[in-house]
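Position 1 is the first residue of the sequence; numbering continues from there. Whatever order the structure lists them in is the order used to number ligands and atoms, beginning at 1.
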Amino acid sequence: MNQTIIAGIGHYIPKQIVTNNDLLQYMDTSDEWIQERTGIKERHYAHRTEETTATMGVEAAKIAIERAGITTDEVDFIIFATICPDYYFPGCGVLVQRALKMKEIGALDIRNQCSGFVYALSVADQFIKTGMYKNILLIASEKHSFGLDFSTRGRNISVIFGDGAAAVVLQPAKEEGRGILSTHLHSDGENAEMLAMCNPGTHANHWTAEPVADFDDAPIGEMFMSHAMIDKAQNYPTMDGPAVFKKAVVKFPEVINEALTQNNLTTADLKLLIPHQANLRISQFVQQRLKLRDDQVFNNIEKYGNTTAASIPIALSEAWEAGKIQKGDLVCVAAFGSGFTWASALMRW
Ligand code: UT7
């Protein structure tokens, strides 16, 4: 069986910086509240009309492909992780295939929210392990700024999220011992609506005691996205923040320990933990729980906010560029988010 390595990595952050104070023009919030509760100082927003989730992904992909020392023609599979797709369908993978003028290779979109990158990494790992593909382009990108409730009603969510993209090229390792050691994927759908964007959707209020959309009396043409839904701002993500926080601080350490235990390793062996950048307070809690030193945990949420699927690979790319990850280092990535889904991957760089 092959072992999968990250042969090239890159990220793309849109230019526009939006500080916490910039958000005051839309909602009742404060720089102090946001920094104290989340550690976020600023985030970047994509250009409203010139940048999309897919175009940002393409920019990150170009860097990863170049750093892997291959051409776009050599990529034999595309995986795209996002919750902010350019279209409801088709997915972003095919838009990348078109933009980069690639061959008629397969393109798979993954919708696993904050765990999207780790889930995608696990999928790619299986294809490389079996020898099915030799160069997989995995992109994670999010343009959250296009779909948030910027009124005070949505402030617990909208201040957290930011835009950005990152990409990796995965290949079979040429040297023994290097690469992804294991991946661990989990879900618990009991509280699926606790962090969710329910509309537009086909749920017809089936899953919840309280309706999450106004379908009543809507004529057939309006069932998918009714005027009432928009009038009542039901077309935005919603979150029970404290409940998500409580679950996250349990599941992060659990899934990190699971990866270490399976490989007979301990936290002392870890060069770097890259947690999904959900909230700096969650990362600090996890660091404390696992008794990790500051230099063993990489955070950049203060600059970018929470970029969902893109947050881990952006951080991985920045850490690698800063020389914090060297060949042979043990790196753990771990995520928790909507679903709930959570996951980890352990790799020998
Ligand atoms: O990446 C996917 C996974 N997501 C997460 O892991 C997020 C987990 N949750 C969190 O990070 C935190 O719950 C938040 C940062 C979202 C919220 O922090 P919190 O300390 O849990 O605040 P809260 O929701 O309990 O709200 C406390 C107060 C409320 O006011 P009252 O009812 O006490 O008067 C909110 O209305 O803070 C208020 N509030 C805000 N105030 C100023 C909520 N959002 C804001 C805001 N600015 N942006």
Tell me, please: is His276 in heavy-atom contact with ligand 1, that is, under 4.0 Å?
yes
Any pair counted as side-chain hydrogen bond (donor to acceptor under 3.5 Å, both in side chains), so long as it reaches residues 21-33, sequence neighbours left out
Thr19-Asp22, Asn20-Asp31, Asp31-Gln35
Residues Cys92, Asp109; criterion side-chain contact (heavy atoms from CB on, under 4.5 Å); working and verdict:
CA-CA 7 Å; Cys92 286; Asp109 272 50; 3.8 Å; yes
Can you tell me how the ring of Phe77 sits relative to the ring of Phe127, calling it parallel under 30°, perpendicular over 60° and tilted otherwise?
perpendicular
Geometry only, no angles: is Thr38 polar-contacting ligand 1 at N/O separations under 3.5 Å?
no
Test of proximity, Arg37 against ligand 1: N or O pairs below 3.5 Å
yes
Quick one: does Met239 get a heavy atom under 4.0 Å from ligand 1?
yes
Decide whether an N or O pair under 3.5 Å exists between Ala248 and ligand 1.
no
The one among Ser311, Pro242, Gly154 that brings a heavy atom closest to atom 24 (O) of ligand 1:
Pro242
Run the contact test for Ile157 against ligand 1 with a 4.0 Å cut-off on heavy atoms, strictly below, and give the result.
no
Is any NZ, NE, NH1 or NH2 atom of the basic residue among Lys327 and Glu175 found under 4.0 Å from an Asp or Glu carboxylate oxygen of the other?
yes
Any idea how Phe252 and His276 line up, ring-wise: parallel (<30°), tilted (30 to 60°), or perpendicular (>60°)?
parallel
